[in-house]
Amino acid sequence: MLSVLDALNGQLLAAMERAFPEASARARESGSSPDPQLAPASKPEFGDFQANGALPLAKPLGQPPRQIAAAIVEQLAADPAFSALCLEPQIAGPGFINLTLRPERLTAEVAARLGDPRLGVSTASEEAGGQAPAPVVVDFSSPNIAKEMHVGHLRSTIIGDCLARVLEFRGHPVLRLNHVGDWGTQFGMLITHLKQVAPEALDTADAVDLGDLVAFYRQAKARFDDDETFQTTAREEVVKLQAGDPLSLKAWGLLCDQSRREFQKIYDRLDIRLSERGESFYNPFLQAVVDDLTAAGLLVVDAGAGCVFLEGVSGKDGQPLPLIVQKSDGGFNYATTDLAAIRYRFAPKPEGDGAGRVIYVTDAGQASHFAGVFQVARRAGWIPEGASVEHVPFGLVQGEDGKKLKTRAGDTVRLKDLLDEAVERAEADLRRRLAEEERQEDDTFIEHVATTVGLAAVKYADLATNRITNYQFSFDRMLALTGNTAPYLLYAVVRIAGIARRGGDLEGAGESVAGSAAVAGGAAPCGDLSFSEPQEWALIRELLKLDGVIAEVETELLPNRLCSYLFELSQVFNRFYDQVPVLKADEPARSSRLALCRLTADTLKLGLGLLGIPTLERM
RNA sequence: GGGGCUGUAGCUCAGCCGGAUAGAGCGACGGUUUCCUAAACCGUAGGUCGUGGGUUCGAGUCCCGCCAGCCCCGCCA
């Protein structure tokens, strides 16, 4: 209902201008404009919207706020466009103006959505007047080569995918980049170690399996930490690799291939599409980063290392903190790579990605690192005017004890194991339920439902809390059939599918009216759609919020807003389902209610789809 | 020492640009099934929004101090 909101805002603004022309003129002179403070109503009994703009005017105008509200309302009432949208405004409390949309207006909005595959959500190019929007880079997941994906990659992968889906749906060209760790010191360590203990892994594909590789990596890391000779050799190995030594490159390629195939299994399972573009991709551009920074006069050599000193960030002794872009041994580090990536992503095509927005979905612990990198990139002039670069931080995954999630043995939890357990628990729960209800289902059905529910639960639980806070992981809570969980939402969709199976023609419902409503411009009564029950209106009002919610997620990058919306929609639908008969109702209520069912199912499917969650017909 | 994030009901969490009596879910307690899947619905109880100041018509929300927890702070990513 963003278009309605927009129209109302304009009408309110005009009404305020007419009611208080002098004050408005004064406000305009001082650079500001009067603000109607239009917002969705905080409670259903206040109507659809509330305008709080009268209150702040009380002091400058020297009038009681209710009197100001009354003057605005009087002007509103004189506006025929407003009267076509809303019932008579109500003044409440200290001076709030409560607005309620005309029921026929809501019905028309419903009819319009029934005929619209996008359910009323516009695209970015429509809003930009047909101009193609610049690409958005979403940098997420980013596991390390030669390691397995673990719980630390869970949130970035799920949140990043969801944000990418929302941006894509809104019509942005999205580059989903997997910035895998495939280039740093770690490779020097691993290759050096493998040369000594398992040289076959360096020239034969799959000579050792990934689990062993992970063990080798751990050993290499341990040696690196307390053996100076090994450390030196490993550093030399990195230099060789980065210089393009054929043997090192071959070994590196084999290791990457092997890891890549393992990552892909997880991504396939979670239905996540990613373009791999690891750190190594930026290797050819690292020197240019340092050169650019030198040319810009930003680079300072301090204790042998190439640094850019950060503005507004001081460490101990109040000295500015450096961002090191070239190590004293001449090598580059992750800050260099991150800078090269920013430089490349914002650079115009074909030398770069030509991005207008770059977002990094990484844990909150990297906030200061990114703040530093962004600052340097900005000072170096790599971020064009009007473009934005954003860190999208998220908190730790904690166990139910409130500490960082670990296995019982104290190890990092592998992502594969975590997903397996979710599906196993979902399956056990489903089998128990089927036995209790004496239902017979074949194994294909059970496996499909368990997989869908289990993975949906993991995704939804992660997305449903505000990402900035730490997130307490609990199989029991996420798989619960009640409350704000994936199973609850999936069940709402299943209920609607049930109505269709029992003879409700969802596809046809509302189709005939959709066309006529569009022709009538939505102002006239809409064909056969007819609503009377409060549960119907509540559902309609909820359904019409979709476009606003998606717009909000697009700017705020907070998937939990979408989750809350879908949960509330499910609740309102369940109330409707419980209290209002559909199939047994007489016409025209029956068709109208079927149309609401269809729109609810479409909305839930679309919303869950944007979360990366597929729906079920039966469960 | 410096910086960041967090602190809201017994538990897990929402709370949008500062707006009306601070909201959900779980758990607890009580109710609903000849009717579209009860994986549901209805109701009751439960709060010093960490704490002390400030800003103003109005503060969980903005500013300052303090307390607690977590994280980051020169050549790992």
Side-chain angles (χ1 to χ4, degrees), chain A residues 35 37 39-40 42-43 46 50 52 55-56 58-59 65 92-96 98 142 144 179 181 183-186 221 224 279 302-307 313-318 321-329 331-335 337-338 362-369 371-372 393 395-396 398 400 402-404 429-430 433 437 439 453 461 464-466 468-472 474 476-477 480-485 487-488 490-492 494-504 548 552 556 558 560-561 563-564 567-568 571 574-575 577-579 581-584 597 618-619:
Chain A
D35 182 3
Q37 297 196 14
S42 57
K43 290 188 177 183
F46 299 150
Q50 57 182 333
N52 303 342
L55 283 92
K59 203 170 188 186
F96 303 112
N98 290 337
S142 309
N144 289 322
H179 191 78
W183 205 238
T185 313
Q186 52 193 8
K221 170 83 171 132
F224 187 85
E279 294 169 349
D302 190 82
C307 305
V313 187
S314 52
K316 302 164 185 143
D317 335 326
L321 225 56
L323 184 76
I324 295 180
V325 297
Q326 188 158 29
K327 298 188 281 185
S328 49
D329 66 3
F332 303 113
N333 64 1
Y334 66 105
T337 309
D338 281 343
T362 79
D363 68 277
Q366 298 189 49
S368 40
H369 164 67
L396 282 177
Q398 299 175 319
E400 289 182 74
K403 293 183 188 147
K404 197 172 170 182
D429 190 66
L430 178 61
R433 181 170 308 278
E437 295 173 10
R439 267 172 69 188
V453 170
T465 66
N466 187 320
I468 197 75
T469 53
N470 289 345
Y471 152 55
Q472 203 172 97
S474 161
D476 287 333
R477 272 202 298 272
L481 308 168
T482 57
N484 188 5
T485 63
Y488 179 88
L490 290 172
Y491 180 60
V494 164
R495 284 185 129 178
I496 299 170
I499 290 178
R501 273 196 305 280
R502 291 302 205 94
E552 197 176 303
E556 309 286 328
L558 290 174
N560 66 304
R561 296 275 165 82
C563 294
S564 301
F567 176 55
E568 277 159 31
Q571 279 185 311
N574 274 329
R575 239 164 260 154
Y577 180 92
D578 196 61
Q579 296 162 14
V582 176
L583 293 177
K584 293 190 172 156
C597 288
R618 293 196 304 127
M619 61 192 280

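So that the names make sense, note that chain A is the first sequence line, chain B the second, and so on, each numbered from 1. Nothing here was measured: the structure is a model prediction, and the numbers come from that model.
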Looking at [X], I'd like to know whether one of its side-chain N or O atoms comes within less than 4.0 Å of OP1 or OP2 on [N].
{"X": "N560(A)", "N": "G15(B)", "value": "yes"}
{"X": "K43(A)", "N": "U21(B)", "value": "no"}
{"X": "R575(A)", "N": "C42(B)", "value": "yes"}
{"X": "T469(A)", "N": "A14(B)", "value": "yes"}
{"X": "Y488(A)", "N": "C41(B)", "value": "yes"}
{"X": "R433(A)", "N": "U37(B)", "value": "no"}
{"X": "Q472(A)", "N": "U12(B)", "value": "yes"}
{"X": "Q571(A)", "N": "G25(B)", "value": "yes"}

Inset, instruction - Let me know, please, whether A464(A) or Q37(A) comes out on the 5' side of the other along RNA chain B by nearest nucleotide. - result: A464(A)
Inset, instruction - On RNA chain B, check which nucleotide each of R561(A) and R477(A) is closest to and give me the residue with the more 5' one. - result: R477(A)
With a 3.5 Å limit on both atom pairs, tell me what [N] is paired to, counting Watson-Crick and G-U wobble, or say none.
{"N": "C5(B)", "value": "G69(B)"}
{"N": "A28(B)", "value": "U44(B)"}
{"N": "C57(B)", "value": "G19(B)"}
{"N": "U34(B)", "value": "none"}

Inset, instruction - Determine if F46(A) stacks with A20(B); use a centre-to-centre distance below 5.5 Å and an interplanar angle below 30° as the criteria. - result: yes
Answer with base, sugar-phosphate or nothing: what part of the nucleic acid does [X] contact at a heavy-atom distance below 4.0 Å?
{"X": "N466(A)", "result": "sugar-phosphate"}
{"X": "P322(A)", "result": "base"}
{"X": "P94(A)", "result": "nothing"}

Among the nucleotides [options], which one has an atom lying closest to any side-chain atom of [X]?
{"X": "A303(A)", "options": "C75(B), C36(B), A39(B)", "value": "C75(B)"}
{"X": "N98(A)", "options": "U12(B), A20(B), C75(B)", "value": "A20(B)"}
{"X": "V494(A)", "options": "U37(B), C75(B), A77(B)", "value": "U37(B)"}
{"X": "K59(A)", "options": "A14(B), U56(B), A77(B)", "value": "U56(B)"}
{"X": "Y334(A)", "options": "C57(B), A77(B), A20(B)", "value": "A77(B)"}
{"X": "S564(A)", "options": "A14(B), A39(B), C57(B)", "value": "A14(B)"}
{"X": "Q50(A)", "options": "A20(B), A40(B), C17(B)", "value": "A20(B)"}
{"X": "A92(A)", "options": "A20(B), G74(B), G25(B)", "value": "A20(B)"}
{"X": "K584(A)", "options": "A14(B), C35(B), C70(B)", "value": "C35(B)"}
{"X": "D302(A)", "options": "G74(B), A14(B), A77(B)", "value": "G74(B)"}

Inset, instruction - Would you check if L558(A) and N466(A) make a side-chain contact, meaning some heavy-atom pair closer than 4.5 Å? - result: yes
Legend entry - Donor + acceptor pair across side chains of N574(A), Y491(A) (<3.5 Å): no
Inset, instruction - Establish whether the base of C73(B) is bridged to the side chain of S368(A) by a donor-acceptor pair shorter than 3.5 Å. - result: no
Can you tell me how far [atom1] in [N] sits from the matching atom in [M], rounded to whole Å?
{"N": "U61(B)", "M": "G18(B)", "atom1": "C1'", "answer": "6 Å"}
{"N": "G15(B)", "M": "G19(B)", "atom1": "C1'", "answer": "13 Å"}
{"N": "U6(B)", "M": "C42(B)", "atom1": "P", "answer": "33 Å"}

Inset, instruction - Taking all non-hydrogen atoms of both residues into account, name the closest pair between P393(A) and I468(A) and its distance. - result: CG-CD1, 3.4 Å
Figure out the [atom1]/[atom2] separation between [X] and [N], and round it to whole Å.
{"X": "I468(A)", "N": "C13(B)", "atom1": "CD1", "atom2": "P", "answer": "14 Å"}
{"X": "D578(A)", "N": "U33(B)", "atom1": "CG", "atom2": "P", "answer": "11 Å"}
{"X": "N52(A)", "N": "A59(B)", "atom1": "CG", "atom2": "P", "answer": "15 Å"}

Legend entry - Base orientation of C17(B), syn vs anti, 90° cut from 0: syn
